[in-house]
Amino acid sequence: MFNKRIKIKQLVATEQTGDEVTVMGWVRTFRNNQFIALNDGSTNNNLQVVVELGLLDEAILKRITTGASLKVTGEVVPSLGKGQKIELKAKNVEILGDSDADKYPLQPKKHSLEFLREKAHLRFRTNTFGSVFRVRHLLAFAIHKFFNDRGFIYLHTPIITASDAEGAGEMFRVTTLPFDNPPRSQDGSIDFKEDFFGKSTNLTVSGQLEGELGAMAFSEVYTFGPTFRAENSNTTRHLAEFWMIEPEMAFCDIEDNMNLAEEFMKYLIQYVMDNNRDDIEFLDQRLAEEEKQKPANERSEFGLIEKLQFVINNNFERITYTDAITILLESPAYKKKKFKYDVNWGIDLQSEHERYLVEKHFKKPVIVTGYPKEIKAFYMKQNEDGKTVAAMDILAPGIGEIVGGSQREENLEKLEQRMREMHLPVEEMSWYLDTRRFGTVPHAGFGLGFERMVQFVTGMTNIRDVIAFARTPKNCEF
Ligand code: 4AD
Ligand code: MG
């Protein structure tokens, strides 16, 4: 019975009338006891169902309320109303599930994004979140297509690990030890030998290290999975649980890496523009409305579609970290003391610095290379100057850092030495170092933060609005 229905997206796109069809969906609005706007999540374009006077009992009409689910069979007829070519003249309306109009949280009016965040279990039923999550889906699909078409192997790297891939110590611990009375070693420290895995374990912050192992056999791999960071950052760009895409390529240097990352980002944008224009147009409108609420000097110069088109059509700017520092030091913002954080060679670029470079100075995505080794992870290839590493970050307008990557140090001695300097457990990571012991090759890779990419493509300002159920400090609802 259920598979006989037609999806609303397909139906509203047709111009053919006269057929009898069955649709199912949820009521968005019901006007004049006559016009139902029905939505099944396949598109924001609701189907107009017309219920002629006298077709349904008063008792049934009363149950057609916002949020109720219906099965409607009827005839496809030309629409007299504006905004749609066809509508459905109902022959039979069955209420599948009632929705108490007084209690249903999504009233047929505009709700704020903040309000909808509290009702995240229902927000998929709104136009904004319908569009965002269809675009998110399409991006995920395009990612697999991009890599599959280029012969990359999708490697499922582990979620639970015993290593800190980024060495930043921002990990969520995984344990089955009792909190109140954990087993202790002689020196009083917790004895993780007694723990489930016989050692201290955590949720992964990145699949890169395991990705490197794969690249040393398949040449080119990618991971695409959830990663976890216990950084206490309550910003519009940080999640404690986010998804990351990490390609890793053997026989590849920093230059090839940058080229692939740029091609990849452009491909994803183009793919969504080509395959889901409807939702991008809706999101473009939505952003334009949001921008109107802002004071004129804070509005962005570009609309969403203009921005996406611009990114596809122009090369990303490529500069060194050293040049970036010079630009910042010479900027009016620095001279007028507009930056909260100081600028000098050696700092980790703050989000205000990244945004200055991208939004004010270059006005396009920027790839920064050659960062000081002190602020980057142990595995990055050390440059000849002894000070910098072959790192590359891509900074995007409105987002800041969207990609982080590097060429990897393939020389065993140099890598071991760097690990010792950084007090990393060289012996425990012997498995990783085996890649450098047996057939080491120049290799490189990067990580694209999936939610930041979804933000970029949808124009959503807050990262909490592009993941189904956000995990952020002090918040783990649903
Ligand atoms: O720069 P990151 O930390 O790089 C890595 O994890 C490397 N292992 C990647 C690699 O070379 N294979 O993170 C990569 C990207 C960032 O540029 C950002 O887009 C995203 O992941 N990211 C976050 N996104 C949301 N919330 C957070 N807390 C994020 N932390 C990083
Ligand atoms: Mg980074």
Side-chain angles (χ1 to χ4, degrees), residues 139 143 147 152 155 157 161 163-172 203-215 220-249 252 254 256-258 260-261 264-265 268 321 348-351 353-354 358 365-369 371-372 375-381 389-396 398-409 432 443-457 460 462-467 470-473 475:
L139 279 169
I143 286 161
F147 288 120
F152 284 60
L155 189 68
T157 52
T161 72
S163 52
D164 179 357
E166 291 304 298
E170 292 167 333
M171 299 174 299
F172 288 101
L203 294 177
T204 189
V205 294
S206 155
Q208 180 197 319
L209 302 191
E210 292 87 353
E212 286 186 55
L213 310 180
E220 274 144 357
V221 300
Y222 70 105
T223 71
F224 182 5
T227 47
F228 307 86
R229 298 207 182 166
E231 52 188 326
N232 200 357
S233 304
N234 231 323
T235 79
T236 55
R237 315 176 307 136
H238 285 91
L239 291 166
E241 175 180 301
F242 66 99
W243 288 64
M244 185 156 50
I245 302 100
E246 296 183 273
E248 190 69 34
M249 295 77 69
C252 178
I254 186 80
D256 302 317
N257 201 26
M258 286 192 271
L260 185 81
F264 179 48
M265 282 185 61
L268 296 182
Y321 169 90
D348 207 353
L349 295 180
Q350 298 295 321
S351 134
H353 305 138
E354 296 176 342
V358 169
V366 178
I367 314 185
V368 183
T369 53
Y371 282 84
I375 58 170
K376 289 290 183 186
F378 69 95
Y379 50 71
M380 296 192 180
K381 185 171 175 65
V389 286
M392 63 118 181
D393 278 6
I394 302 185
L395 315 178
I399 308 280
E401 181 191 336
I402 193 163
V403 164
S406 67
Q407 187 171 338
R408 320 304 188 190
E409 182 53 76
Y432 176 68
H443 64 290
F446 63 85
L448 169 70
F450 187 49
E451 283 74 20
R452 291 192 188 172
M453 187 64 189
V454 181
Q455 274 190 283
F456 189 68
V457 175
M460 299 301 285
N462 195 315
I463 199 163
R464 292 164 182 78
D465 296 334
V466 299
I467 189 163
R471 272 77 182 95
T472 51
N475 172 48

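First listed ligand is number 1; within each ligand, the first listed atom is number 1. Numbers here simply count residues along the sequence, with the first being 1.
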Within the structure, is a non-hydrogen atom of [X] found at a distance of less than 4.0 Å from ligand 1?
X    : result
E451 : no
Y379 : yes
E212 : no
G445 : yes
M453 : no

Find all atoms of ligand 1 within a distance of less than 4.0 Å from any non-hydrogen atom belonging to [X], and give their numbers and elements.
X    : answer
E231 : 27 (C), 28 (N), 30 (N)
S206 : 6 (O), 8 (N)
G405 : 11 (O)
G404 : 1 (O), 9 (C), 10 (C), 11 (O), 17 (O)
V403 : 17 (O)
R237 : 25 (C), 26 (N)
M244 : 6 (O), 13 (O), 14 (C), 15 (C), 21 (O)

Task: Heavy-atom proximity to atom 13 (O) of ligand 1, best of R229, Q455, M380 - done: R229

Task: Option with minimal heavy-atom separation from atom 11 (O) of ligand 1, where the choices are E246, R471, R408 - done: R408

Task: Distance from atom 20 (C) of ligand 1 to nearest protein heavy atom, with residue and atom - done: G449 CA, 3.6 Å

Task: Heavy-atom closest contact (E166 atom, V205 atom, distance) - done: N-CG2, 3.9 Å

Task: For the student: nearest non-hydrogen atoms of A165 and F378, plus distance - done: O-CE2, 3.5 Å

TODO: Would you mind checking if E248 and R408 are paired as a salt bridge, meaning a charged N to carboxylate O distance below 4.0 Å?
DONE: yes

- [ ] Using the six-membered ring wherever Trp is involved, compare the ring planes of F147 and Y222 and label them parallel, tilted or perpendicular (cut-offs 30° and 60°).
- [x] parallel

- [ ] For the pair F450 and F224, name the ring-plane relationship: parallel under 30°, tilted 30 to 60°, perpendicular over 60°.
- [x] perpendicular

Would you say [X] and ligand 1 have an N/O pair spaced under 3.5 Å apart?
X    : value
H238 : no
I402 : yes
L239 : yes
E248 : no

Task: N/O donor-acceptor pair under 3.5 Å between R452 side chain and I399 backbone - done: no

- [ ] Output the atom name for the N/O/S atom of E401 with the smallest distance to the Mg ion (ligand 2).
- [x] OE2

- [ ] Side-chain contact test, heavy atoms from C-beta onward, threshold under 4.5 Å: evaluate it for Q208 versus Y379 and give yes or no.
- [x] yes

